[in-house]
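I have placed the structure first, in the form of structure tokens, so that the comments after it can refer back to it.
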Amino acid sequence: MPEKKSYRNTLNLPKTKFSMKANLVQREPQQRNLWSKEDIYGKIRERQSGSEFYILHDGPPYANGDIHMGHVINKVLKDFVMKYKTMCGYDAPYVPGWDCHGLPIESKVVAELGREVRQMNKLEIRRKCAKYANKYVKLQSKQFQELGIFGDFDNPYLTFQPGYEAGILEVFAELVDKGLVHKQLKPIHWSVGCETALAEAELEYKDITSPSIFVNFLVSEKSIEKLVEKGLLGEEAARNSKVSFMIWTTTPWTLAANLAVAVHPGLEYKVISYEQNGSRFVSIIAAERLEAVIGAGNLEEAKYTVSEKSVTGAELEGLRYKHPFVEEKPTDEDAYMVICATYITTEDGTGLVHIAPGHGIEDYVSGQQNGLGIYSPVNDDGCYDDTVPAWLKGKNVLEVDSQINAHLRETGALFAEDSIVHSYPHCWRSKMPVIFRTTEQWFIRVDKEMPGTGKSLRDSALEQVKDIKWIPEWGQKRITGMLESRPDWCISRQRSWGLPIPVFVNSEGQALLSKTSVLAVAARIVKKGSDSWFTDTPEELLGADFELPAGFSFDDLEKEENIFDVWFESGCSWYNTAYKKGWPVPVDLYLEGSDQHRGWFQLSLLPALGSIGKAPYKSVLTHGFTVDEKGMKQSKSLGNYVNAQDEVSKYGADILRLWVSSVNYQEDMRCNDELIGKSQDAYRKIRNTIRYLLGNLNDFNPKEDAVDYEQMLEIDKWALYHLGKLISGVLESYEHFAFHRVFSLVYNFCTVEMSNVYMDVLKDRLYCDGQDSESRRSGQTAMNRIVDSLVRLLAPILVHTAEEAWLQMEYKSEDVGSVHLASMPEADESIDYKPREENWEKIMEMRDKVLVVLEGLRQDKKIASNQEASVTIYSNDEEMKVLLDDFGLAEFAALCIVSEVKLQKGAEETTIVAEKSKHQKCQRCWNYWPSVGRNSDYPDLCQRCVKVVEQLQE
RNA sequence: GGGCUCGUAGCUCAGCAGGUUAGAGCGCACGCCUGAUAAGCGUGAGGUCGGUAGUUCGAAUCUACCCGGGCCCA
């Protein structure tokens, strides 16, 4: 036996610089530096200039802290869209923005300053806040860019830029002009200790012990008659008893501001008769609460009776009662009646709720709905004012509960008294319990008719929402529900770090707020920023030539010190970043987390409708949130938090991007380090597919070497057919923002069609056929198209890797220096492959059967590689015979990577038999072909290889 | 407590205008190759579709309720 010669160097083996190992963490930053040096984003803008716009308007993240997974998902999804749309030929600029004003920054700054802050004025605090915001804008900007996101990061929009601030005022001026802005009382959290309003973020919840009292409010005469009419109590009882509505409260001090009693319209109410302290009582209570109330009052059995008859809360509506200790009417509005409220539960209390619109949010809302006034007889320091009964005047509400209880006990109104431990908000600074107190705030009215339209903001929004495309569709339901139930928008805050609401007041308390006054201030702020509100005089702010309305003069003008709700600021971003630039509004897309239905989507829609009368967006896409591997919310305290920065520096941006693309963002996304790490498997497969294709194209110049489609081998046509299917599937998925379908289509293509079948089958031809043979060139022609398309399809997702591959391609479909300047591939519709496709399905089924048989041989140690096998198919299936004849047995053998396939006709049923080939092995191509040994110069080669080797030696 | 929403193999996704033994890829197990090599190939085992009750000749697909999540409110 002659010594085995190695023919390795006579083969056409793959060669490429596109390495197997990605080294993303090292390579990506280099790639980005290159992009930055070449101003790739600028080049894209230049190239697309003049094309149709596609505007995705960026929602501004809050400029605070490192970016987290939520940011990653949001920004990466946006980048998928932008890069895809760009490659589709649109002019799709991306202007990132940041939300820079507001309490989180101010709180942080104040906390960092500590005691120092007491000596500082608003201006100084604002400067610190600005510095803080700038710092985080810079940090987050860097972190976003490290994800491979393209955009105008040198010119972002920041909500505290003077130009942006002026824009907010310009929108505001329109709302003012339409009469949508007004001042109104509203209860807010108030710190008695600090004598200031508190925001939600400044509350600390602590358990405290509060009184728990049941109080009888006497029903008025006429209303008693109505109760008799309804059969709830007899006439005798009505005459001889104290007929009452019984309420329950844990804040007795608010009784002084009571204006109503609320019942649930759907609940059943009954009366209980009993004797207490020598008086006979008949109290109305929710049926479900009777037992608990009887327990609270320690009523002995047989000492009370409960009515058979019950009425619904709705039947009690409008009945009247007498306040237990307030004599005079506290407001101009009607009071002391029963109203309905659906938020009432039967978990505690009596099913009747004491309503003080001046001292509770729900009370306030109920009050508004029922035309009650707002009565808040408490001063800044937490003491009652002069409108309360004499015995309460000047008393601190936090210390007055026991006195009120005593008073109620003396007058016989107190049915029961106990204490309760519950969670209650406290001021973070003074640590004292917080109270609800009404203050004057500025509102945007959602139910006021807008001039010339006959519609309110709410009507208009509800109408517009139907014409907007919501992705997913249920977004429409969600925002509709929110719009239907939302109250007027409170836009004022009593804070330092924000844009001042430009309202002036004269000494008579009249406010100066008009379109012209707001625009005048806006003009000043463009030049001097919003700090000027704190430094400049009203005359300077408005301009000396500003025409003041009658009753106002510059000597008698004070500036209010309210700032805007930051949501109003971000809600005007469409104006500043699109409308003002002349870009088409509504813009094409807003894309944020689904929490923004309440937030940014809604609060951008309202200012836009109120100012330009149009929605700011044509479509809205929302994504879900990351949860841990069990589907639970992630938080630092639970220890299931995924640090986005760690993930990027561990795996690289492309892995994170691939992970984002792989999950269905419309739902919760399970996420932890392991799950993200698994994306590496898919990445490697995709990368290796590209590497193999590139490696086998290193000697292929499509201009000279390409083979015409008609001349190509069948399996190469098959590969192109699947490429076409891939392209159309991927483009359709991108079009629907279904990135996880893009991912699975591409990944499956790489794994199944390419790696498992095509690339494996192709090896013999690529490696062993003559370098310039038509058969080899046929395969390369297909591969060239495949890799060229694949890389472009992947470019929006694997931004770095696709670029790396693109730069390795010597000949590409488009002569552009970056894949991100290229266009999306198009599926070749001219080829109708359908008829062949059916045949292929049968061929592949047969192939599978062959492979199973071969696996059996392998298990029996008869063969090792498939090439050692000779296969015989016994078949009586005429169709199959035709197919095999049509397809070619040699081609079928190649498809199974066996050396030989024989067909035996006339068998009973189709059976496949395989055995070890009786032929010799070709030492070059490793096939066991009959032609091996026929050439005396090369006794160890097959004829094909002899030819190739001889050619090489010429 | 309310509004919206989700729950298919270990993982990521298909299927869901109701209809044959619920699919794919990965992972896993076993085996092969050593000319894509920190690669590649093959074979195989895994779900009864969150639960229950209905509608129906027939349900992962429709309805109700329940359980468990998520977002936003209260």
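In what follows, chains carry the letters A, B, and so on, assigned in the order in which the sequence lines appear, proteins first and then strands, with residues in each chain numbered from 1.
Note that the CZ atom of A:F436 and the CD1 atom of A:I361 stand 5.0 Å from one another [nearest 0.5 Å].
Among the atoms of the strands shown, none is found under 4.0 Å from any heavy atom of A:R687. Residue contacts for A:N756: at a heavy-atom cut-off of 4.0 Å it reaches the sugar-phosphate backbone alone, with no base atom in range. The residue A:D668 sits close to a base: some heavy atom pair falls under 4.0 Å. Residue contacts for A:K861: at a heavy-atom cut-off of 4.0 Å it reaches the sugar-phosphate backbone alone, with no base atom in range. Across all strands, A:M482 comes closer than 4.0 Å only to sugar-phosphate atoms, never to a base (heavy-atom distances). A:R8 comes within contact range of at least one nucleobase, with a heavy-atom separation under 4.0 Å. Nucleic acid contact for A:T622: none, since no nucleic acid atom lies under 4.0 Å from a heavy atom of the residue. Within the nucleic acid shown, A:G631 comes within 4.0 Å of sugar-phosphate atoms alone, with no base atom in reach, counting heavy atoms only. Within 4.0 Å (heavy atoms only), A:Y692 reaches at least one base atom of the nucleic acid. Residue A:N748 is in sugar-phosphate contact alone, with no base atom involved, counting any heavy-atom pair closer than 4.0 Å across all strands shown. Residue contacts for A:E362: at a heavy-atom cut-off of 4.0 Å it reaches the sugar-phosphate backbone alone, with no base atom in range. A:K630 comes within 4.0 angstrom of no nucleic acid atom, judged by non-hydrogen atoms across all strands.
Of the listed nucleotides (B:rA39, B:rU37, B:rU12), B:rU12 has the atom at the smallest distance from the side chain of A:V663. Among the nucleotides B:rA14, B:rC41, B:rG69, the one closest to any side-chain atom of A:M632 is B:rG69. In the set B:rA36, B:rG25, B:rC72, B:rC72 carries the atom at the smallest distance from any side-chain atom of A:R478. Nearest to the side chain of A:W474, among B:rC4, B:rC13, B:rA36, sits B:rC4. The side chain of A:L11 lies closest to B:rG35, out of B:rA36, B:rG35, B:rG69. Closest to the side chain of A:T751, out of B:rC13, B:rU5, B:rC26, is B:rC26. Among the nucleotides B:rU37, B:rA36, B:rC72, the one closest to any side-chain atom of A:D595 is B:rC72. In this structure, the nucleotide among B:rC71, B:rA39, B:rG42 sitting nearest to the side chain of A:N688 is B:rA39. Closest approach to the A:N664 side chain among B:rC13, B:rG25, B:rC73 is made by B:rC13 (side chain taken as heavy atoms from C-beta onward). Comparing B:rA14, B:rC33, B:rC72 against the side chain of A:A864 picks out B:rC33 as the nearest.
Lacking a ring centre under 5.5 Å from that of the base six-membered ring together with a plane angle below 30°, A:F743 does not count as stacked on B:rG25.
A cation-pi contact, defined as under 6.0 Å to the ring centre and within 45° of the axis, links A:K636 to A:Y641. Stacking of A:R741 on the aromatic ring of A:Y734 is not recorded, the 6.0 Å distance cut-off and the 45° axial limit not both being met.
Whole-Å rounding puts the A:F625 CZ to B:rC4 P distance at 18 Å. In this structure, A:R684 atom CZ and B:rU37 atom C1' are separated by 14 Å, rounded to whole Å. Rounded to whole angstrom, the span from the CE atom of A:M754 across to the P atom of B:rG40 amounts to 15 Å. Atoms CG (A:D860) and P (B:rC30) sit 19 Å apart, rounded to a whole Å. Rounded to whole Å, the distance from CG on A:L658 to P on B:rC13 is 12 Å. Atom CG of A:D673 and atom P of B:rC11 are 17 Å apart (whole Å). Going from atom CG of A:D848 over to atom C1' of B:rG44 covers 14 Å, rounded to whole Å. Look at CD on A:E667: it is 12 Å from C1' on B:rG69, rounded to the nearest Å.
The separation of B:rG35 from B:rA45, taken at their P atoms, amounts to 32 Å, rounded to a whole angstrom. Separating the C1' atom of B:rA60 from that of B:rG23 is a span of 12 Å, rounded to the nearest Å. Rounded to whole Å, the P atom of B:rC6 lies 13 Å from the corresponding atom of B:rG50. If you take atom P in B:rG19 and the same atom in B:rU63, they sit 15 Å apart, rounded to whole Å. Atom name C1', nucleotides B:rC33 and B:rU43: the rounded distance is 15 Å, in whole Å. Here, B:rC57 and B:rU52 have their P atoms 22 Å apart, quoted to the whole Å. Of the C1' atoms belonging to B:rG3 and B:rG10, the separation is 35 Å, rounded to the nearest Å. B:rC49 sits 15 Å from B:rG18 when the C1' atoms are compared, rounded to a whole Å.
Between A:D764 and A:R776 there is no salt bridge, since none of the side-chain N atoms of the basic residue sits less than 4.0 Å from a carboxylate O of the acidic one. Under a 4.0 Å N-O distance rule, the pair A:D769/A:R944 qualifies as a salt bridge. Look at A:D673 and A:K650 and you find a salt bridge, because one of the NZ, NE, NH1 or NH2 atoms lies within 4.0 Å of a carboxylate O, short of that distance. A salt bridge is absent between A:D654 and A:R27; no separation between the charged side-chain nitrogens and carboxylate oxygens falls under 4.0 Å. Salt bridge absent: A:R478 and A:E473 never bring a charged side-chain N and a carboxylate O closer than 4.0 Å.
B:rG7 is paired with B:rC67 under the criterion used here, namely a Watson-Crick or G-U wobble arrangement in which both key atom distances are under 3.5 Å. In this structure, B:rA17 forms no base pair with any nucleotide, since neither Watson-Crick nor G-U wobble geometry is met with both distances under 3.5 Å. Base pairing of B:rA45: no nucleotide in any strand meets the Watson-Crick or G-U wobble criterion (both distances under 3.5 Å). Both distances falling under 3.5 Å, in either a Watson-Crick or a G-U wobble arrangement, occur for no nucleotide opposite B:rA60. Using N1 to N3 plus N6-O4 or O6-N4 for Watson-Crick, or N1-O2 and O6-N3 for G-U wobble, each under 3.5 Å, B:rG1 pairs with B:rC73. As the counterpart of B:rU12, B:rA24 is assigned, both hydrogen-bonding distances of the Watson-Crick or G-U wobble pattern falling under 3.5 Å.
In this structure, A:Y651 has its ring center at least 6.0 angstrom away from the ring center of A:W659.
Close to B:rA36, at under 4.0 Å from its OP1 or OP2, lies no side-chain N or O of A:K685. Note on A:H597: every side-chain N or O is 4.0 Å or more away from OP1 and OP2 of B:rG3.
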Table please: side-chain donor-acceptor pairs of residues 591-601 of chain A below 3.5 Å, with sequence neighbours left out.
residue, atom, partner, partner atom, Å
A:E592, OE1, A:N74, ND2, 3.3
A:E592, OE2, A:G59, N, 2.9
A:E592, OE2, A:K78, NZ, 2.8
A:Q596, OE1, A:W600, N, 2.9
A:H597, ND1, A:S594, O, 3.0
A:W600, NE1, A:S570, O, 2.9
A:W600, NE1, A:S604, OG, 3.3

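Across the interface with RNA chain B, nearest-nucleotide mapping of A:M20 and A:G624 shows A:M20 to be the residue nearer the 5′ end. Residue order along RNA chain B, read from the 5' end via each residue's closest nucleotide, puts A:R741 first among A:R741 and A:S755.
Shown here, B:rG46 is classed syn by the O4'-C1'-N9-C4 or O4'-C1'-N1-C2 angle, which is within 90° of 0.
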